[in-house]
Structure formats: structure tokens, C-alpha cells
Amino acid sequence: MLNAKNAIIGIMFLLLVTGVTSLVVVVPAATFNPQPSIGLRDYSPAEARGRLVFQRENCYVCHSQFVRFQDEGMGPTSQAGDFAYDNVNLLGTLRNGPDLSFEGGLYPDEWHIGHLKAPRSYLPGSFMPSYSYLSSSDIKDLVAYIQSLGTRNTRAWDTKDVNIPEKYRNLESPLGQTVANIGAGRGIYNQNCSACHGFEGRADVPLAKMFYPKPAANFRLPRYKDFTDGHWFNKVARGVPGTRMPRWDQILNSEQIWYVVTYLKSLAADQDLVPKAGREKYYDKSVLQPGEIPRKYEGAPKAGKGH
Amino acid sequence: MSVVESVRDRLFPNTPDAAAKLWLTSAVVWGVLGMTFGVFMAILFVFPEFTKGVPWLSFSRIRPSHVNTVVMSWVSMASIGAMFYMLPRLLKTQLYSERLATAVGWSWNLFALFIPLTLLNGLSEGREWAELIAPMDWWMLINLGLVGYLTFATVATRKEPQLYVSVWYWMGSMVGMTIVWIVGNRTFVPLDGLNDAIANWFYAHDVLGLWITTMGLGIIYYLLPKLTAGKNGEPGNPIFSHKLSLIGFWGNFAFYTGIGAHHIIQAPVPEWLKAFAIASSVLMSIPVYSASANFFLSTQGRWENLAWNLPLRFVTFGWIMYALASFQGSLQAVRSINWYQHFTGIVSAHAHLAMLGGFSVVLFAAIYYIIPRLYKVEWYSKKLVVVHFWTFTVSFVMFFLVWTTMGFVQATSWVMGINVQQTVPFLQPFTFVRMIAAISMIFSVYIFAYNLLQTVRSAKRQEAASSRAYNPSPVAPAAADD
């Protein structure tokens, strides 16, 4: 009973389904070829083996691998080029566990090995299955893969921000971390910055909660220790586009900005109860010892013009 | 009769409806297995150390086995079985080849056995929903092709010139699923990065859209006129509007095909693709509401049948859940809502609303309707059917609401800036209630399977009693084209 009418309907149907399928699968495959993100490298052999373990154990059912713009504290928003070296996508659709896009470097290898074997010993209340059955070489590869997530990408953390203009990148502060300089910076900070970032950089004022996107979290977090002078200067001077953080180089002169940077650097460094090796650069030892930063206003800072 | 022939007739009988019997009964076996996987995962959320150290009982290996068993074994086999029963009756002919249909049935059964065997042993491609390895992909393609061939050959040899809307849906599903399967499991065309994700989500959503939904809608369109028949033999309602059902058909295939990318709205894939997927998702309202309205209006005037007609109860519950799931799905695809609820349990609960509350229940209805007609016996126990209905529906609603609430807890916590690890303790009460609901639901499914087993056994006993020397008479060869 193949008459003309049925044949036309059948051809229309085939054209419809194959047409839409081509539009949503074949056209993207032909036209959408993002270049690798700046600084992204391919997987090393161990990482590639670890990725196969990750696929075999289907970890993607609970751990997604892309960061959306609204995800706070998960790293920068994922860009198309970040996935250039993936042959099987592991984007995931459920976050029963945390997103792993920038998991690399957050914990040491030993932590990951132990956590994979006995998750609840490390994170009480977690419902992640135990992977104690994996062979030790599989676990090693898997950890290598986890550590590669995000760290293969120089955009991963602010400290490696490639968006810092060349002229700021290698700047060194002209000011030493002296009590007087820190105090001067605190004065300028309190007048200009504390409304949003809070006193002592704690981000505990109403505006810090109200703004979206939020102002930088607590400047006392240890990770701010890794900011270079140039990075600090860039953030303050150029502001953060897309947020309420203004371009302070329009308001303060560069000397005042350096005072603020001196103060900000002292906040994170202040958190070292036991000073770590390599942190000495934050202190001018002849003047100040770690943990001895006086909280009293001293010196004569040049106040900012305010705004 | 030689030994070979007797073995052949035993394994691949050529009697009418032999295929439907095989497909439907084996589907229930896989349904029980697939849903048990699900319940096992619900238990593992509460007692994560339960299977510590056993690789093939690890949560992350059970999850793909659950998805693939439920989709490819339970729902697919039951839909095809129901189609093999309904197709000859709608077309006033015989299935093109019962022998081939039973042979594909055994092949599909073996395939269904290999799904957990491969996935639980760590043979996974690592693509969500499309985890099966390449040989399995090819095997499935052959099975699908043969089922499609049987469908089209039966339609070609029909005696009834008018094609009922169900037949449209089933023929469309055969074409749609073949395309979706080839694109989704493209064995020899590796795509990189995000293009792989685009093809992956095309597959994951269209196996629902162009296969399960369309097969299921065809079954509902068949069942409703039958089940609205009066108690004293009054004829059932015809389908309210043939035009509405055709709008549903064309709309479904036009809009459902392109919506896969709404799973990755906030991933860095091309914006035009996201926009197309969102627009298609919202336009899905047209086929969904035209079908739902058609179902509702076709039952008008016969609502009292719900009091005594148990399959009608199931099918009505099923299509209402389908309509709700589709309504929810259109909303969830919108950027402003997706922003909030993506990555949370709301999405998983939504998937269960369509698959478990919707089409699984429709297939329960189909099995409850078909089995007595296939085996010429009444159900072993009507009471157990009632128990199945109420236990299943009540615990399903609890299951769905708890999981959705859990998703809202996740969504709100994340918006408040609480990180994912910190939200896990908040979820624990919900996972516990979800486990209780899941256990009570699987209990009702076991009751259903037991009831089916006893029914089939009583049919076999009756058969043996009525004719000691039972000799299946071969079917006359399919009539030549008229």
C-alpha cells in the first residue's frame, strides 16, 4: 500500500527528523571548533590513564566538570577552549559531589589517595562510595588526573591570571612591609575600601552581602598570600570589570595604591601563626617580626580623596 | 518432527502472539532488575559503606546499569511487546513474522543480560546515558533494525487501509530511535570536547523523546478507547480528535529532536544551539498539551470506570504524570529557572517523574490489559493489582516530592554560597525518606511480578489440562499484499 501520499508523508518525516538532528549535532560538529585556552596543555600519559579510570568508574554521575558564572568559589567560569583536549566529555549533570573542574592542587596527593579509599574518614557525612578496590596504580593515575583538573590551565587561579597587563605583571612594591607603611595603608583602606570589603578585610559588612557579584571574600584567607605585588596592584588600580569594584587609579594615586597593597598583604600574612619558609618577603625583618603587627594607627598616611 | 524443528518451535514459536508473550514477560524480569538497582542506590546513599570493597556493587557502577537496564531493557522491551500485541489488532493482520520477532526477543534479552554484565565489570565508555561499549552498540542497532523491519513489514501487509494514530507513533519511533542510536553511540566518529557533549545530550534526551515517549503515547492511544468501554459491554469512547493527535505527532518529532542542548545551557557551547534547544523545549508544550487534552477528552463521560477498571487507573495516572513531567521539563529548560535548579536533585526527580511515574505506569497498564487477553485467563489476584496501584502511586509521589525538596535544598544552599560538600549533611534526612519510599515502591513491583508469574503459571496449567497433547498449529503464512 505504498501510494504517493504515504511516500510523501514518509519523506517529509525523514527530512524533518534528519534535518533537525543535523542542525543540532552535525552543524555544531562542523562549525564549532574552539581553540585550546591560553596555556592549556594536553594530558600527560598518567593523567590520560587516570581519566580512563574516571570514565570506567563513572565518576561523572555525581561530579560535574564545568563551572557556571554563578558558581562561587569553584574557580573561573569554564570556557569553550578548556575542553579542547577531551575526547570523551565528562561534563556531568548532577552535583551530588563537588564540581571537579579546578580540583587540582586543592589537596595534596596523599589526601586524595586516603579520601578515595575511605571518604568518610576525611569528610564525615559524605556519601561518596569507597574506592578501596582500585589497584594502587589505578589510584595513582586517578589522583594524577584529579590533580591535573584546572592546573593544566593557567587561567585556573587568580595568581596565574594571564589577563594582567604586561606593565603590571612584574611590578614590585616600592614600599617595605613596615609598621608605618601598613598603618598608612590601613587608613586609606578604611576610608575607601571598608564599605564593601569590611574592616580588617573581613567582608562582614552589609554591602559585602548585598552586592552581586560579591566583593572579594575575606582578605585574611591564606590564598591571598600567593598574590604577587603586580597582581594586587592590577586588581586595585584597574578594578574588576563587571562588578562594583571601581578603577582606583582614577581616584587614588599610585603611591596611595601601594600603601593599600602593603596593608592587604599584611592581612593574609598575619594569619601565619607559625611562619612558613618563603614567606619572609612579606616582612621587613629588621623592623617587624611575624605575628607582631601592631594594630595601632601609626605614621602619617596620605589620606585618599575618597569618593 | 525432527529435534531441530521441535527446539526451534519451542524457542522461536510461530504461533500468534508468541512474540508479545515473550517480550512482555521478559520485560518484567528486566524491570524488576533495573528498579532493584535503583533501590540499591537509594540504600547506598544512606549506608555508603554497605558494599565497600566490592567493585561491581559500587554506586558509580550501578548507576549506569540502572539507567541502561531501565531504558533499554524494561521500558523498551515492554513497549515493543505491547506494540507486537496491538499492531496486528489495529491492522487486522498477523505480525509479519512471529518467528523473527521471538528470535529478536531472545537476542534483546541476551543484550539486556550483557548490560549489567559489562557495566558492573567496568566496561564503560564514560558517556552519560551512552555508556555501553561499541560491540553492544552494534548489537543493539541490529536488534532495532529488525524490530523496525517487522513493524514496517506488518504495516505493509495490513488489511486495514486506515492507519490509526498509534501506528503512526510506532513507525515514527522506529525511524527516530535508529537515528538517535546511531548518532548517540557513533562508534567510529569520535568527537572532541564539547561537540561530544552536544551529541551525548542529543542522545540522552531523544532516547526519551523519540523512543520512549512516542512508543508510550501510541500505547495510551490504543488503550484509552478500549478501557473506556462500559461495564455491560457499552462501546468505549473513540479518540476525541484525530487532528489533535496528529498535531501531537508532528509536534513531537519536530520539537523533541532538537532539545538535547538544554542540559548544557550554562556550558560554553554555541549560544544559537542553546537558544534553539530552549525554544524547542518550550514549543514542546504544543504536542504535550494536545496529547493530554486528547487523553482527557477521550476519557470524558467514562470517569466512573476508574472505580473498577484497574488498567484505566494506571494509564490515567501515567499520562497525568507524563503531562506534569513535560510541563516541568519545558519550564526547567528556560534559562532563568535552569540557572537555579541545574545540577540539583530536581533534575533527577524530574527524570523519574517521566520514566517511572509516567511511562513505566503506562506499561504496567498495558501489561495488566494485555496479559489476560494473551493467556486467556483472569489475573491471579485482583487484590494484588489494587495493592500494586496504591503502594506504587503513594510511594512514588512521596519519592518524587522528597527528591524534589532535596533538590531545592541543594539549590538554595548553593545560591547562599554554601559549597557542595557542606550541603551533603543537609540532604541526609531526605535520602533516608527517599530510601523508604523506594523500598515500598519496589515492594509493589515485586507484588506485580509475583502476580504476573502466578497468572502465567495458572494459564499454563489450564492449557495443559485442556489439551494433554498440546500441539501448536503453525500460523498460515502472511497473506500476500492485497
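Computed from a predicted model, the values in this text were never measured in an experiment. Protein chains get the first letters and strands the later ones, always in sequence-line order, with residue 1 at the start of each.
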Chemist: Could you go through the side chain to side chain contact (heavy atoms under 4.5 Å, CB included) check for A/Met128 and B/Phe59 one step at a time?
Modeler: CA-CA 8 Å; A/Met128 175 160 149; B/Phe59 174 87; over 6 Å; no
Chemist: When heavy-atom pairs shorter than 4.5 Å are enumerated against chain A, which of B/Ile264, B/Leu194, B/Val46 gives the highest number?
Modeler: B/Leu194
Chemist: Considering only heavy atoms and a distance below 4.5 Å, find which of A/Cys62, A/Gly81, A/Gly97 pairs most often with chain B.
Modeler: A/Gly97
Chemist: Just give me the residue among A/Leu90, A/Thr18, A/Asn96 that pairs up with chain B most often, heavy atom to heavy atom, under 4.5 Å.
Modeler: A/Asn96
Chemist: By a 4.5 Å heavy-atom criterion (distance strictly below it), what part of B/Phe253 contacts chain A: side chain, backbone, both, or neither?
Modeler: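 For B/Phe253, the contact with chain A is made by backbone and side chain together.
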Chemist: Any chance you could lay out the side-chain hydrogen bond (donor to acceptor under 3.5 Å, both in side chains) test for B/Asp192 and A/Asn87, step after step, and finish with the verdict?
Modeler: CA-CA 4 Å; B/Asp192 50 287; A/Asn87 50 0; over 6 Å; no
Chemist: In sequence, state the C-alpha distance, the side-chain angles, and the governing distance for A/Val24 and B/Ile198, and then conclude on side chain to side chain contact (heavy atoms under 4.5 Å, CB included).
Modeler: CA-CA 8 Å; A/Val24 296; B/Ile198 292 168; 5.7 Å; no
Chemist: To the nearest 0.5 angstrom, please state how far the CG atom of B/Asn419 sits from the CG atom of A/Asp71.
Modeler: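 Rounded to the nearest 0.5 Å, the CG-CG separation comes to 11.0 Å.
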Chemist: Might you point out which heavy atoms bring B/Pro268 and A/Ser78 nearest each other, and give the distance in Å?
Modeler: CG-O, 3.7 Å
Chemist: In terms of heavy-atom proximity below 4.5 Å to chain A, should B/Trp129 be classed as side chain, backbone, both, or neither?
Modeler: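 Neither part; nothing is under 4.5 Å.
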Chemist: If I compare all heavy atoms of B/Gln410 with all of A/Arg95, which pair ends up nearest, and what's the gap?
Modeler: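 Heavy-atom minimum between the residues: NE2-O, 3.6 Å.
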Chemist: At a 4.5 Å cut-off on heavy atoms, which part of A/Leu23 comes close to chain B: side chain, backbone, both, or neither?
Modeler: both
Chemist: Below 4.5 Å from any heavy atom of chain A, which atoms of B/Trp201 appear? Answer side chain, backbone, both or neither.
Modeler: side chain
Chemist: If you count heavy-atom pairs within less than 4.5 Å of chain B, which of A/Gln55, A/Arg68, A/Lys117, A/Met12 leads?
Modeler: A/Arg68
Chemist: Would you please test B/Tyr203 and A/Val25 for side chain to side chain contact (heavy atoms under 4.5 Å, CB included) and show each step?
Modeler: CA-CA 10 Å; B/Tyr203 167 76; A/Val25 180; over 6 Å; no
Chemist: For each of B/Gly407, B/Ala199, B/Gly345, B/Ala267, tally heavy-atom pairs with chain A at distances under 4.5 Å, and name the one with the top tally.
Modeler: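 Among B/Gly407, B/Ala199, B/Gly345, B/Ala267, the one with the most close pairs to chain A is B/Ala267.
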Chemist: Find the one option among A/Cys59, A/Pro28, A/Pro129 whose heavy-atom pairs under 4.5 Å with chain B are most numerous.
Modeler: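 If we count pairs closer than 4.5 Å to chain B, A/Pro28 comes out on top.
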Chemist: Closest heavy-atom contact between B/Leu191 and A/Ala29?
Modeler: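 Smallest interatomic distance, heavy atoms only, reads CD2-CB, 4.1 Å.
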Chemist: Show the nearest heavy-atom pair for residues B/Ser124 and A/Arg56, with the distance to one decimal.
Modeler: CB-O, 4.1 Å
Chemist: What heavy-atom pair brings B/Ala197 and A/Leu91 nearest, and what distance separates the two atoms?
Modeler: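 The pair with the smallest heavy-atom distance is CB-CD1, 3.5 Å.
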Chemist: With B/Arg186, which residues qualify under salt bridge (Lys or Arg N to Asp or Glu O under 4.0 Å), at least two apart?
Modeler: B/Asp196
Chemist: What part of B/Leu273 gets closer than 4.5 Å to chain A, counting heavy atoms only: side chain, backbone, both or neither?
Modeler: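 For B/Leu273, side-chain heavy atoms alone lie under 4.5 Å from chain A.
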Chemist: Run the ring-centre check on B/Phe249 versus A/Phe13 and record whether the distance is less than 6.0 Å.
Modeler: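 Aromatic pair counts; centres sit under 6.0 Å.
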Chemist: When heavy-atom pairs shorter than 4.5 Å are enumerated against chain A, which of B/Asp206, B/Leu427, B/Thr51, B/Val424 gives the highest number?
Modeler: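 Of the options given, most contacts go to B/Val424.
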Chemist: If you measure from CG on B/Leu163 to CG on A/Asn6, what distance do you get to the nearest 0.5 Å?
Modeler: 6.5 Å
Chemist: Are any non-hydrogen side-chain atoms of B/Trp339 and A/Phe69 less than 4.5 angstrom apart?
Modeler: yes
Chemist: Going by heavy atoms in the side chains, are B/Arg63 and A/Asn58 under 4.5 Å from each other?
Modeler: no
Chemist: By a 4.5 Å heavy-atom criterion (distance strictly below it), what part of B/Pro270 contacts chain A: side chain, backbone, both, or neither?
Modeler: both
Chemist: Between B/Gly53, B/Ser280, B/Gly126, B/Pro190, who has the most heavy-atom pairs with chain A when the cutoff is under 4.5 Å?
Modeler: B/Gly126
Chemist: Given the options B/Val347, B/Ile259, B/Val420, B/Val415, which has more heavy-atom pairs under 4.5 Å with chain A than any of the others?
Modeler: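 If we count pairs closer than 4.5 Å to chain A, B/Val420 comes out on top.
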Chemist: Please walk me through it: do A/Gln70 and B/Gln266 pass side-chain hydrogen bond (donor to acceptor under 3.5 Å, both in side chains)?
Modeler: CA-CA 10 Å; A/Gln70 74 266 34; B/Gln266 286 154 67; 2.9 Å; yes
Chemist: Does anything in residues 132-142 of chain A get under 4.5 Å of chain B by heavy atoms, and if so which residues?
Modeler: A/Ser132, A/Tyr133
Chemist: Can you list the residues that meet the salt bridge (Lys or Arg N to Asp or Glu O under 4.0 Å) rule with A/Glu110, with sequence neighbours excluded?
Modeler: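 Here no residue qualifies.
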Chemist: Are B/Phe343 and A/Phe66, when compared by the centres of their aromatic rings, separated by less than 6.0 Å?
Modeler: yes
Chemist: Flag the one option from B/Trp250, B/Tyr256, B/Phe47, B/Phe276 with the top tally of heavy-atom pairs under 4.5 Å to chain A.
Modeler: B/Trp250
Chemist: State, with a plain yes or no, whether a side-chain heavy atom of A/Phe83 is found less than 4.5 Å away from one of B/Asn195.
Modeler: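 The answer is no; the side chains never approach within 4.5 Å.
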Chemist: Identify, with sequence neighbours excluded, every residue that meets side-chain hydrogen bond (donor to acceptor under 3.5 Å, both in side chains) alongside B/Glu125.
Modeler: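 B/Arg127.
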Chemist: B/Thr257 and A/Val17: which non-hydrogen atoms are nearest, and at how many Å?
Modeler: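 Between these two residues, the closest heavy atoms are CG2-O, 3.9 Å.
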Chemist: Any sub-3.5 Å donor-acceptor pair from B/Ser60's side-chain atoms to A/Glu57's backbone N or O?
Modeler: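 It does hold such a pair.
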Chemist: Answer with side chain, backbone, both or neither: which region of B/Glu128 has an atom nearer than 4.5 Å to a non-hydrogen atom of chain A?
Modeler: both
Chemist: Does any part of the side chain of B/Pro55, heavy atoms only, come nearer than 4.5 Å to the side chain of A/Tyr131, both counted from C-beta?
Modeler: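 No, every pair of side-chain atoms sits at 4.5 Å or beyond.
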Chemist: Kindly compute the distance separating CD (B/Glu49) from OG (A/Ser130), expressed to the nearest 0.5 Å.
Modeler: 6.0 Å
Chemist: Between A/Leu94 and chain B, with a heavy-atom cut-off of 4.5 Å, which part of the residue counts as in contact: side chain, backbone, both or neither?
Modeler: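 Both parts, heavy atoms under 4.5 Å.
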Chemist: If the plane angle is over 60° it's perpendicular, under 30° parallel, otherwise tilted; pick one for B/Phe45 and A/Phe127.
Modeler: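 Taking A/Phe127 first and then B/Phe45, their aromatic rings stand perpendicular (interplane angle over 60°).
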Chemist: Under a 4.5 Å heavy-atom cut-off, does chain B meet the side chain of A/Phe54, its backbone, both or neither?
Modeler: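 Interface part for A/Phe54: neither.
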